Amino acid sequence: MKKAYGAVIIGGGILGNATAYYMAKLGFKDVLVVEKNYIASGSTGRCAGGIRQQWDSEYNIKLAMGSVKIFERLEDELGFPTEYYQGGYLLLAYEESHAEWFRQRVQLQRSLGLDVRLLDPYEAKQIVPFINTDGLLAATFCPTDGHANPFLVTFGYYKAAQRLGVDYAVQTEVVDIEVKEDRITGVRLNTGDFVETEVVVNVAGGWAKEVAKMVGIDIPVNPQRHEIAVTEPLEMFFDPLIISFKHGIYFRQELSGGVIMGYGDPNEPWSHNIKSSFKFLRNVTAKVAAVMPLMDDVRILRQWAGSYAMTPDAQPIIGGVEQVEGYYQAVGFSGHGFMVGPKTAQLLAELIVLGQPSMSLEPLSLNRFKKGEIKREKAVI
Ligand SMILES: Cc1cc2nc3c(=O)[nH]c(=O)nc-3n(C[C@H](O)[C@H](O)[C@H](O)COP(=O)(O)OP(=O)(O)OC[C@H]3O[C@@H](n4cnc5c(N)ncnc54)[C@H](O)[C@@H]3O)c2cc1C
């Protein structure tokens, strides 16, 4: 580790590694990534790896479509396996309000060039024969949605960034950021070292609020526990990731056979708690079995939890800020930061290195909360 860097990135998840890689690729190689634990130890290594373009907000659709283009050629670009698989996402509406919302949303998504179809229950059953169609009103399917292995994707960016000259300090925490006359001057580490820099990138996931506080900024990003479980390996029997908005669940079958399932408890408070609970297991298994009855008999192998970094409109905050020169952030992904991570990191790197991203990040600026220009992303689970 040197005494000074052109930029210090705080966080070694998908965002930290991918941003470092894209900055170095643009020629800005004097970068240090600081990770307080190990690479992918945060939400990235705890996520379901789902990659979906079927969103409600136009910006999220574009960000996810841009990421899918990157995912499609990422193994070749990074020279590293990613286990990327396009098995589609099947979204189910068991309530009329959801069905109506699907109809409107598909129009917007198709107008943006997304290959997505509105299905009736019979057509949905052709795609996954085991779903419960009792009370099912409509579904949507996008064949280019899919999933990837979050560890492999992150390690791929990590190795590629290192090859381009990026430095790493793992098991090292940033404990303070020094700001003089509204400009970043350096970061203080828990080792006692001070690293000089004019650029800091906050990609600290569930701890983003604490890092922003180090430069005197209060951001509306709060950690919320989300739990997840995986079954014993089963013979492959369905391809897409399935979401039911009525039940608040998602589940998909891994390439190794296990069915990975998550449920977002709307009553979960803000906190850094990432302990597993029996309550979750009871909830998620009952809800998954309601949507796919043959899952009733299956054994759970493992469960874990991680943080969603929630914002008031369930959309991320990306870009610089007016108050502090040299401070950038990509935070508050509200449960979908893995899938939009590659495109977000590319745009953030362009902003930092070139001064201008190839797609405007203005709709996701911190300012939107001050201006009151917020519209909640409804498709979050
Ligand atoms: C159960 C669950 C399922 C999910 N499923 C999906 C999914 O299917 N698809 C999807 O797109 N998203 C999913 N997500 C959300 C996704 O995991 C996150 O949005 C994404 O991983 C965020 O990446 P990140 O790099 O911003 O943060 P993280 O991966 O959390 O990385 C931040 C890192 O910063 C480090 N850090 C924090 N503070 C400091 C400091 N002061 N100094 C040094 N290091 C620090 C942390 O140790 C951490 O490793 C899921 C999340 C959970 C919890």
Side-chain angles (χ1 to χ4, degrees), residues 14-15 43 47-48 50-71 88-93 95 97-118 138-142 144-146 203 205 208 219-222 224 226 241 243-246 248 250 264 266 308-319 329-348 351 357-381:
I14 176 84
L15 264 306
S43 303
C47 85
I51 300 165
R52 144 163 74 121
Q53 302 155 93
Q54 301 181 63
W55 288 98
D56 192 56
S57 96
E58 183 168 333
Y59 202 91
N60 268 345
I61 299 167
K62 287 182 179 165
L63 217 45
M65 286 176 74
S67 283
V68 164
K69 285 207 176 70
I70 296 175
F71 275 116
Y89 260 55
L90 181 68
L91 274 50
L92 305 174
E95 286 175 0
S97 60
H98 292 148
E100 180 51 30
W101 169 49
F102 278 19
R103 287 175 207 119
Q104 292 165 7
R105 219 194 39 207
V106 162
Q107 275 183 13
L108 170 68
Q109 291 164 349
R110 290 185 69 87
S111 76
L112 295 171
L114 187 65
D115 175 14
V116 57
R117 278 172 288 149
L118 185 67
T140 62
F141 182 68
C142 170
T144 55
D145 286 347
V203 277
I219 54 172
V221 177
N222 290 292
Q224 184 181 40
H226 271 251
L241 189 147
I243 291 181
S244 165
F245 287 100
K246 176 185 166 193
Y250 61 86
Y308 273 21
M310 297 303 299
T311 62
D313 57 1
Q315 307 216 48
I317 303 170
I318 308 170
Q329 57 193 357
V331 296
F333 285 92
S334 307
H336 52 280
F338 175 68
M339 61 185 88
V340 298
K343 188 67 191 177
T344 302
Q346 197 180 56
L347 294 171
L348 187 63
L351 174 68
S358 49
M359 179 169 126
S360 171
L361 287 165
E362 193 47 38
L364 297 182
S365 78
L366 180 61
N367 264 345
R368 71 182 187 268
F369 300 104
K370 215 160 63 186
K371 292 187 199 155
E373 292 169 358
I374 61 166
K375 187 170 169 263
R376 193 174 162 81
E377 168 59 65
K378 286 198 277 183
V380 168
I381 282 281

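All figures in this text were calculated on a predicted structure; none of them were measured in a lab.
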Let me confirm one number: the [atom1]-[atom2] distance from [X] to [Y], rounded to the nearest 0.5 Å.
{"X": "Leu366", "Y": "Ile317", "atom1": "CG", "atom2": "CD1", "value": "5.5 Å"}
{"X": "Leu108", "Y": "Leu114", "atom1": "CG", "atom2": "CG", "value": "9.5 Å"}
{"X": "Gln53", "Y": "Leu63", "atom1": "CD", "atom2": "CG", "value": "11.0 Å"}
{"X": "Leu91", "Y": "Phe141", "atom1": "CG", "atom2": "CZ", "value": "10.5 Å"}
{"X": "Phe102", "Y": "Gln109", "atom1": "CZ", "atom2": "CD", "value": "9.5 Å"}
{"X": "His226", "Y": "Ser334", "atom1": "NE2", "atom2": "OG", "value": "9.0 Å"}

For the residue pair Phe245 and His98, does the interplanar ring angle fall in the parallel (under 30°), tilted (30 to 60°) or perpendicular (over 60°) class?
tilted
Could you tell me whether the side chain of [X] and the main chain of [Y] form a donor-acceptor pair under 3.5 Å?
{"X": "Gln54", "Y": "Tyr89", "answer": "yes"}
{"X": "Asn222", "Y": "Met310", "answer": "no"}
{"X": "Ser365", "Y": "Glu362", "answer": "yes"}

Evaluate the criterion side chain to side chain contact (heavy atoms under 4.5 Å, CB included) for residue pair Ile318 and Leu348; output intermediate values, then yes/no.
CA-CA 7 Å; Ile318 308 170; Leu348 187 63; 4.3 Å; yes
Take Leu351 and Leu361, measure what side chain to side chain contact (heavy atoms under 4.5 Å, CB included) needs, and give me the verdict at the end.
CA-CA 9 Å; Leu351 174 68; Leu361 287 165; 4.3 Å; yes
For Tyr250, which residues count as a ring-ring contact (aromatic ring centres under 6.0 Å, His included) partner, sequence neighbours excluded?
none
Which pairs count as salt bridge (Lys or Arg N to Asp or Glu O under 4.0 Å) when at least one residue sits in residues 101-115, sequence neighbours excluded?
Glu96-Arg103, Glu100-Arg103
Result block: side-chain N/O donor-acceptor pairs under 3.5 angstrom for residues 374-381, not counting sequence neighbours:
from, atom 1, to, atom 2, distance (Å)
Arg376, NH1, Pro312, O, 3.3
Glu377, OE1, Asp56, N, 3.3
Glu377, OE1, Ser57, N, 2.9
Glu377, OE1, Asn60, ND2, 3.0
Glu377, OE2, Asp56, N, 3.0
Glu377, OE2, Ala379, N, 2.9

